[in-house]
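In what follows, a structure is listed as structure tokens, so that the remarks can point back to it.
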Amino acid sequence: MVNRPPLLDIPKDLLGAALAYGAAGIRVFRVRPDKSPFANCPRCRPPTDQRPNPMYIQHRPDECRCWARTCHGFHAATTDPELIHRWWTEEPNANIGAPCALNGWAALDIDPRHGGHLSLSILEQRVGVLPGTVMQLTGGGGLHILYRTPSVQLPGTLGPGLDVKHNGYILLAPSVHSSGRKYQWSGHGKFLQPEAAWPAALTPQARRAA
């Protein structure tokens, strides 16, 4: 008998959902309504020509020892329930972000507003129907298709409106899109850790050989 990961019931409130993800071993962090992580503290915000920052101290994200535990975007992601509770108590409307590679995922992000559904159709005509796996309906009317991360680097896009989220992050249900619509998992709103491996036909090596 094969042991499969359990379905995870996702609470409808953001704090409850963030805690449920963390309890399931999924690293999460706070994201603003415009999909950007909460800002870095002054010492961790790199300067630009338009915005000098004399307080900046250069260091690697994984070496950060500052007080602001949301610095460096998804590098701040955690499963710590006390920290998650504090974050969403401070910002109860913050969306839930999850780093893909750090959680063992690679995701296809399909945005129909930019022709992603057409790009996916063309892709499947070329490589065959993609393996079934966990999917999430995005608040913008798109779709996230989640696979287990491969051991190779992946391209950032596979066509117009068809992006690959691997080194970056995605929002998790019940995060709210700027349109006011919520993200939701397919399958009655329950989350299941993806078991299907990233399709071999979509690795850079396979695409070069095609």
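As a basis for the values below, the full set of heavy atoms in this structure was taken, side chains included, without hydrogen atoms, waters or symmetry mates.
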Next on the checklist: Quick check: do Trp185 and Leu8 have side-chain heavy atoms less than 4.5 Å from each other?
Outcome noted: no

Item to check | pair Val134-Ser186: side-chain heavy atoms closer than 4.5 Å | outcome: no

Item to check | 4.5 Å side-chain heavy-atom contact, Thr78 and Arg27 | outcome: no

Item to check | Flag side-chain contact, heavy atom, 4.5 Å: Asp109 against Ile170 | outcome: no

Item to check | Contact check, side chains of Tyr169 and Leu102, non-hydrogen atoms, under 4.5 Å | outcome: no

Checklist entry - Any sub-3.5 Å donor-acceptor pair from Ser179's side-chain atoms to Gly140's backbone N or O? => result no

Checklist entry - Same hydrophobic cluster for Val164 and Leu162, using side-chain heavy-atom links shorter than 4.5 Å among ILVMFWY? => result yes

Checklist entry - Do Phe191 and Ile26 have side chains that get closer than 4.5 Å, going by heavy atoms? => result yes

Next on the checklist: Regarding Gln193 and Asn103, do their side chains bring together a donor and an acceptor under 3.5 Å, going by distance alone?
Outcome noted: no

Checklist entry - Do side-chain atoms of Arg148 reach the backbone of Ala197 as a donor and acceptor pair under 3.5 angstrom? => result no

Checklist entry - Trp88 side chain to Ala94 main-chain N or O, any donor-acceptor pair under 3.5 Å? => result yes

Checklist entry - Under 30°, 30 to 60°, or over 60°: which ring-plane class applies to His177 and Tyr183, parallel, tilted or perpendicular? => result tilted

Checklist entry - Does a side-chain N-to-carboxylate-O contact under 4.0 Å join Arg113 and Asp111? => result yes

Next on the checklist: Ignoring hydrogens, what is the shortest heavy-atom contact between Leu154 and Ala106? Give both atom names and the distance.
Outcome noted: CD1-CB, 3.8 Å

Next on the checklist: Using side-chain heavy atoms (C-beta onward) and a distance below 4.5 Å, is Leu130 in contact with Leu202?
Outcome noted: yes

Item to check | Contact summary for Pro160 and Ser119, nearest pair of heavy atoms | outcome: O-OG, 2.6 Å

Checklist entry - So, are Arg86 and Glu90 salt-bridged, with charged N and O less than 4.0 Å apart? => result yes

Checklist entry - Could you give the distance from CD (Gln184) to CD (Gln136), rounded to the nearest 0.5 Å? => result 9.0 Å

Checklist entry - Tell me, do Pro33 and Ser178 make a side-chain contact under 4.5 Å, heavy atoms counted? => result no

Next on the checklist: Can a side-chain donor-acceptor contact be found between His166 and Thr149 if the only test is distance below 3.5 angstrom?
Outcome noted: yes

Next on the checklist: Pair Thr138, Leu143 - check side chain to side chain contact (heavy atoms under 4.5 Å, CB included), show working.
Outcome noted: CA-CA 5 Å; Thr138 72; Leu143 186 68; 5.6 Å; no

Checklist entry - According to a 4.5 Å side-chain heavy-atom criterion applied to Ile, Leu, Val, Met, Phe, Trp and Tyr, with indirect links allowed, do Ile110 and Leu118 form part of one hydrophobic cluster? => result no

Next on the checklist: How long is the straight-line distance from CG of Asn95 back to CG of Leu171, given to the nearest 0.5 Å?
Outcome noted: 5.5 Å

Checklist entry - So, Thr133 side chain and Leu146 main chain: donor-acceptor pair closer than 3.5 Å or not? => result yes

Next on the checklist: What's the separation between atom CG in Leu14 and atom CD1 in Ile84, rounded to the nearest 0.5 Å?
Outcome noted: 12.5 Å

Checklist entry - Under a single-linkage definition using a 4.5 Å side-chain heavy-atom cutoff for Ile, Leu, Val, Met, Phe, Trp and Tyr, are Val176 and Leu172 assigned to the same hydrophobic cluster? => result no

Next on the checklist: Distance check, rounded to the nearest 0.5 Å: Leu158 atom CG versus Ile122 atom CD1?
Outcome noted: 12.0 Å

Checklist entry - Quick one: do Leu19 and Ile10 end up in the same hydrophobic cluster if we chain Ile, Leu, Val, Met, Phe, Trp and Tyr together by side-chain heavy atoms under 4.5 Å apart? => result yes

Checklist entry - Relative to the ring of Trp198, is the ring of Tyr147 parallel (under 30°), tilted (30 to 60°) or perpendicular (over 60°)? => result perpendicular

Checklist entry - Does Arg32 offer a backbone N or O that forms a donor-acceptor pair with the side chain of Ser36 under 3.5 Å? => result no

